[in-house]
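When reading the values below, keep in mind they use all heavy atoms of this one structure, side chains included, and skip hydrogens, waters and symmetry mates. Numbered from 1 within each chain, the chains take letters A, B, ... in sequence-line order.
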Amino acid sequence: MAGGARFERRARLVRKADFQAVFDRAEKSGDRYFTVLARPNDLGHARLGLAISKRASKLAVVRNTIKRLVRESFRQRLAGLGGLDFVVMARPGLAEVEHPALFEALDRHWSRLVKRCARS
RNA sequence: GAAGUCGGCCGGACGAUCGCGGCCCCCGCGUGCGGGGGCGGAGGAAAGUCCGGGCUCCGCAGGGCAGGGUGCCAGGUAACGCCUGGGGGGCGUGAGCCCACGGAAAGUGCCACAGAAAACAAACCGCCCAAGUCGCCGCGAGGCGAACGGCAAGGGUGAAAAGGUGCGGUAAGAGCGCACCGCGGCGCUGGCAACAGUCGCCGGCACGGAAAACCCCACCCGGAGCAAGACCAAAUAGGGGAGCGCCAGCGUGUGGCCCGCACGGCUCCCGGGUAGGUCGCUACAGGCGUCCGGUGACGGGCGUCGCAGAUGAAUGAUCGUCCUCGACAGAACCCGGCUUACAGGCCGACUUCCUCC
């Protein structure tokens, strides 16, 4: 389909070991909303893992909303992300921020991390 | 029309584009993936995890102790700490609302501050000198005074001071006596019962509060939980399953302990079980409609519908239009309750007041 913005299932971090690998050796990019970790894989496409803790918000509704927002951003940029594994963590206070601002912030993280991983 | 009480219901809508996970059908092949089509996809509280049950495993849940829960009566229910109806007490003009509502004459302990005294009563102020006692006066009869004497009516303290009011009574008083009220016991009547009664008899009254202090009484409760549990199965360690049998000791075993119970021996069989995966996993004490029984909770009959099943965890993002500008908040095995949160709105029944006819 248009833009090839599909996947999801295969584009997710599923195993505990996969998460651990990213946490162990990763490029970091952070701001006041998110902390994003990235690490190259050899699959030829990007994968996303979410680690939205209760510290970000104690309400399940809010955590779900954040996850959906991050997935949506990831889905739209998927084609340009290459073979990287990402883990996104949210910081407290996210709930009050407007969506467009969060999308912009995530875009910055994606492109920054893609550049850094390409260099190394 | 205004104020209020109770019960029930809804919880942004529509469209476009891009997406997510589930099931069914068709096609393709490399048999779990791709393509196409269709159907559905969070809540009234999904929440807190406070009760109750189903389900699963464990010794198939036996006896006792300990522990926990419940607590007016009757009914409903799978069950309950829930619901309905009734009784009692309290609040409100009223519709209605609220109540851990068994036992304090089984025992132990407690009742702050204040107060003399907080439960075998007692006596600070006060009241009284009739008898007895003491002091003073008098020849004497007697008089006056008093507390180490009598009293508990009045004052004062307190949430509460040992029935209330009146009359009699008395030195002053007191259920000391009487009347009425209250209280307790027994009976009778009504009610399944809690309980009630203008009822009768008896008792002058022996009954302060608190059981959300211990406790007593009655009834109930085996434990753990879907990370239950079953199956497939890399790695690693050596054990696991079935059948037959057992006197005692000892050991082992999900329950806090004891008893009881099972296992240990022999024979036969062979895989084991972490990562990962599959099942459990959604169909039901089910929803809706209707009729019947019941004051009601609810029960029964008939018809009809199929209503989320994820597992790093699916219901979203963007844009447009509209309106009364959108609260609290996200399923995780499933139900029944309770409790708590909640913008705004709708419907019905009833109460009080005002106005009009």
Does a salt bridge link A:Arg47 with A:Asp85, judged by any charged N lying under 4.0 Å from a carboxylate O? yes
Nearest whole angstrom, please: distance from the C1' of B:A47 to the CZ of A:Arg63. 12 Å
Taking the chi torsion of B:C83, is it syn (within 90° of 0) or anti (everything else)? anti
Using purine N1 to pyrimidine N3 plus N6-O4 or O6-N4 for Watson-Crick, or N1-O2 and O6-N3 for G-U wobble, each under 3.5 Å, what pairs with B:C244? B:G265
Whole-Å P distance, B:A230 and B:G240: 16 Å
Pairing partner (Watson-Crick or G-U wobble, both distances under 3.5 angstrom) of B:G138: none
Find which nucleotide of RNA chain B each of A:His99 and A:Gly49 is nearest to by heavy atoms, and output the residue with the more 5' nucleotide. A:Gly49
When you compare B:G190 with B:A174, how far apart are their P atoms, in angstrom units rounded to a whole number? 46 Å
What does A:Leu59 touch in the nucleic acid at a heavy-atom separation under 4.0 angstrom: a base, only the sugar-phosphate, or nothing? sugar-phosphate
For A:Asn64 and B:A329, what is the distance between atoms CG and C1' respectively, to the nearest whole Å? 11 Å
To the nearest 0.5 angstrom, please state how far the CD atom of A:Glu27 sits from the NZ atom of A:Lys115. 13.0 Å
In terms of base orientation, is B:A283 syn or anti, with the syn window spanning 90° either side of 0? anti
Checking one value: the base orientation of B:U282, syn if chi is within 90 degrees of 0, otherwise anti. syn
Which distance, rounded to the nearest 0.5 Å, do you find between the CZ of A:Arg116 and the OG of A:Ser111? 10.5 Å
Which one is paired to B:G7, where only Watson-Crick or G-U wobble pairs with both distances under 3.5 angstrom count? B:C347
Tell me which nucleotide among B:A329, B:A313, B:A331 gets nearest to the side chain of A:Ala60. B:A331
Contacts of A:Phe103 and A:Lys58 projected onto RNA chain B by closest heavy atom; the upstream (5') one is A:Phe103
When rounded to the nearest 0.5 Å, the distance separating CZ of A:Arg108 from CD of A:Glu104 is 6.5 Å
Hey, does A:Asp107 have a side-chain heavy atom less than 4.5 Å from the side chain of A:Gln76? no
Take atom CG of A:Leu78 and atom P of B:C20, then tell me their distance rounded to the nearest Å. 11 Å
A:Leu37 side chain near A:Met89 side chain, heavy-atom distance below 4.5 Å: yes
A:Lys67 atom NZ is separated from B:U311 atom P, nearest whole Å, by 13 Å
G-U wobble or Watson-Crick pairing nucleotide for B:G177 (cut-off 3.5 Å, both distances): B:C167
Under 3.5 Å on both distances, the Watson-Crick or G-U partner of B:U311: none
Among B:A313, B:A329, B:A42, which nucleotide has an atom closest to any side-chain atom of A:Arg71? B:A313
Sticking with atom P, work out how far B:G223 lies from B:A308, rounded to a whole angstrom. 35 Å
With rounding to the closest Å, how many angstrom separate the C1' atoms on B:A152 and B:C125? 13 Å
Rounded to whole angstroms, how far apart are CZ on A:Arg75 and P on B:U315? 11 Å
Under a 3.5 Å limit on both distances, the Watson-Crick or wobble mate of B:G203 is B:C183
I'd like the C1' distance from B:U311 over to B:G276, given in whole Å. 14 Å
A:Leu37 CG to B:G312 P: how many Å, rounded? 19 Å
Rounded to the nearest Å, what distance is computed from the CG atom of residue A:Leu48 to the P atom of nucleotide B:G19? 17 Å
Which of B:G330, B:G312, B:A317 is nearest the side chain of A:Val61? It is B:G330
Expressed as a whole number of Å, how far does the P atom of B:G87 sit from that of B:A74? 15 Å
Taking B:G86 as the reference, what is the distance to B:C101 when you measure between their C1' atoms (whole Å, please)? 14 Å
Complement of B:A341, any strand, by Watson-Crick or G-U distances under 3.5 angstrom: none
Give a yes or no on whether a donor-acceptor pair under 3.5 Å exists between the nucleobase atoms of B:G330, that is its base, and the side chain of A:Arg68. yes
With a 3.5 angstrom cut-off on both distances, give the Watson-Crick or G-U wobble partner of B:G256, or none if there isn't one. B:C65
Tell me the closest heavy-atom pair linking A:Leu106 and A:Ser73, and the distance in Å. CB-OG, 3.5 Å
On a whole-Å scale, what distance lies between the P atoms belonging to B:U93 and B:U77? 41 Å
Count I, L, V, M, F, W, Y as connected when their side-chain heavy atoms are under 4.5 Å apart, and connections chain through other members. Are A:Ile52 and A:Val61 then in the same cluster? no
Identify whether the glycosidic angle of B:G253 places it syn (within 90° of 0) or anti. anti
For A:Phe19 and B:A275, what is the distance between atoms CZ and C1' respectively, to the nearest whole Å? 17 Å
